[in-house]
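Quick note on labels: first sequence line is chain A, next is B, and so on, each numbered from 1. Since we're looking at a predicted model, the values are computed, not measured.
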Number of protein chains: 2
Amino acid sequence: MSNMGYPGHMELHEPELRDVPVTAVLAALADDVRLQIVRALAEGGEYACGTFEFGVSKATRSHHLKVLREAGLTRTRVAGTSRYVRLRRDEVDRLYPGLLDAVLTARTPS
Amino acid sequence: MSNMGYPGHMELHEPELRDVPVTAVLAALADDVRLQIVRALAEGGEYACGTFEFGVSKATRSHHLKVLREAGLTRTRVAGTSRYVRLRRDEVDRLYPGLLDAVLTARTPS
DNA sequence: GAGGTTGTTCGACGAATGTCGAACATGGGT
DNA sequence: ACCCATGTTCGACATTCGTCGAACAACCTC
């Protein structure tokens, strides 16, 4: 069992939320597809990336998940060929109280 | 000159906050210059547009104030050649409780 | 009215963003 | 080993965005 480094695969960039500019966090949430992803994640638990089928290609989906991750909003666990994403709810709520609640409960203006 | 139906002055577009998509509200706040403006406005009261000198030209400043206004975040009162802007704090707080507080109290991770 | 102040609008430009298909990488199954 | 499923990365492309100077419009004061 080699407990040494991880030569083969890239480490996932998951910054601390406090190191991310507020504008980056807001920009990450200011997209319809990403907001749908966040809403789905807010149900709780982990979701494989492939779960999110919102009318975009898998390349685009991967891009959006990267934006959310690098904004400090999600955490990703690698398991085999799949990656499981979950919302960093407690951390977001602690640093930005009310932000997620405000965004998630928003009604879409018909 | 005859009156050609051309309006004497454009009406300011100030939508109701509930008619603005959440993504538009978030996008309006996801900019450094606009965030500085909102922070200044959060002090309370009205501010003339020229008050905001944040290293951008007056054309850019006018653009940012338009974005904030059309996102339903600010209200503008015309008085002579000046325009006085104020934050629609109550309405924002009512529709998105915690949003402004979360954004305004954010520390810059510089 | 002339001139100055305040703010908006109009192109124009570069940068950033969302999107896709295709190629690639990795791991699981048979 | 081969194939397939899951995701990422790489151009490429169109669109949007932030920025500016210049022109314009409205207003106030002399």
With 3.5 Å as the limit, what N/O pairs link the protein to nucleotides 20-24 of chain C?
from    : atom 1 : to       : atom 2 : distance (Å)
dC20(C) : OP2    : Ser57(A) : N      : 2.8
dC20(C) : OP2    : Ser57(A) : OG     : 3.3
dC20(C) : OP2    : Thr60(A) : OG1    : 2.8

Original post:
Over how many whole Å does the gap from Ile37(A) atom CD1 to dT19(C) atom C1' extend?
Top reply: 14 Å
Subject >> Side chain to side chain, Lys66(B) and His13(B), heavy atoms closer than 4.5 Å >> reply: no
Original post:
Should Leu29(B) and Val22(A) be marked as a side chain to side chain contact (heavy atoms under 4.5 Å, CB included) after you check the CA-CA gap, both sets of side-chain angles, and the distance that decides it?
Top reply: CA-CA 9 Å; Leu29(B) 295 171; Val22(A) 201; over 6 Å; no
Look for any protein N or O under 3.5 Å of an N or O in nucleotides 14-16 of chain D and output each such pair with its distance, or none.
none

Original post:
For Asp31(A) and Lys66(B), take the nucleotide of DNA chain C holding the closest heavy atom to each; which residue's nucleotide lies nearer the 5' end?
Top reply: Lys66(B)
Original post:
dT8(C) C1' sits how many Å from Phe52(B) CZ, rounded?
Top reply: 16 Å
Subject >> Euclidean distance, atom CG of residue Leu65(B) to atom P of dC17(D) [Å, nearest integer] >> reply: 17 Å
Original post:
Mind checking whether Ile37(B) and Tyr47(B) have side chains closer than 4.5 Å, heavy atoms only?
Top reply: no
Subject >> Worked verdict on Leu35(B) versus Val103(B) for side chain to side chain contact (heavy atoms under 4.5 Å, CB included) >> reply: CA-CA 8 Å; Leu35(B) 212 45; Val103(B) 167; 3.3 Å; yes
Subject >> Whole angstrom value for the distance that separates P of dG7(D) from NE2 of His13(A) >> reply: 22 Å
Original post:
Got Leu104(B) and Arg89(B) here, is their nearest side-chain heavy-atom distance under 4.5 Å?
Top reply: yes
Original post:
How about Thr74(A) and Leu65(A): do any of their side-chain heavy atoms sit closer than 4.5 Å?
Top reply: no
**OP:** Provide, to the nearest angstrom, the distance between the OH atom belonging to Tyr47(B) and the P atom belonging to dG7(C).
**Re:** 15 Å
**OP:** Considering only NZ, NE, NH1 and NH2 on the basic side and carboxylate oxygens on the acidic side, decide whether Arg18(B) and Glu91(B) come within less than 4.0 Å.
**Re:** no
Subject >> Leu29(A) CG - dT17(C) C1' separation (whole Å) >> reply: 16 Å
Subject >> Side chain proximity check, Leu87(B) to Val92(B), heavy atoms < 4.5 angstrom >> reply: no
Original post:
Roughly, in whole Å, what's the span from NE2 in His64(B) to P in dT9(C)?
Top reply: 15 Å
**OP:** Find out whether Arg94(B) and Arg88(B) are in side-chain contact, i.e. whether some heavy atom of one side chain is under 4.5 Å from a heavy atom of the other.
**Re:** no
**OP:** With the side chain counted from C-beta on, respond yes when Val25(A) and Leu99(A) share a heavy-atom pair under 4.5 Å apart, and no when they do not.
**Re:** yes
**OP:** For a salt bridge (charged side-chain N to carboxylate O under 4.0 Å, His left out) with Glu46(A), tell me which candidate from Arg86(A), Arg75(A), Arg83(A) qualifies.
**Re:** Arg86(A)
Original post:
Considering heavy-atom distances to DNA chain C, does Val33(A) or Cys49(B) have its closest nucleotide positioned more toward the 5' end?
Top reply: Cys49(B)
Give every pair of a protein N or O atom and an N or O atom of nucleotides 28-30 of chain D that lie under 3.5 Å apart, one pair per line with the distance.
none

Original post:
Between Arg83(B) and dT8(C), is there a side-chain N or O to OP1/OP2 distance below 4.0 Å?
Top reply: yes
Original post:
Between His63(B) and dC20(D), does any side-chain N or O lie under 4.0 Å from OP1 or OP2?
Top reply: no
**OP:** Provide, to the nearest angstrom, the distance between the CZ atom belonging to Arg69(A) and the C1' atom belonging to dT9(D).
**Re:** 12 Å
Original post:
Does any non-hydrogen side-chain atom of Thr60(B) lie less than 4.5 Å from one of Val33(B)?
Top reply: no
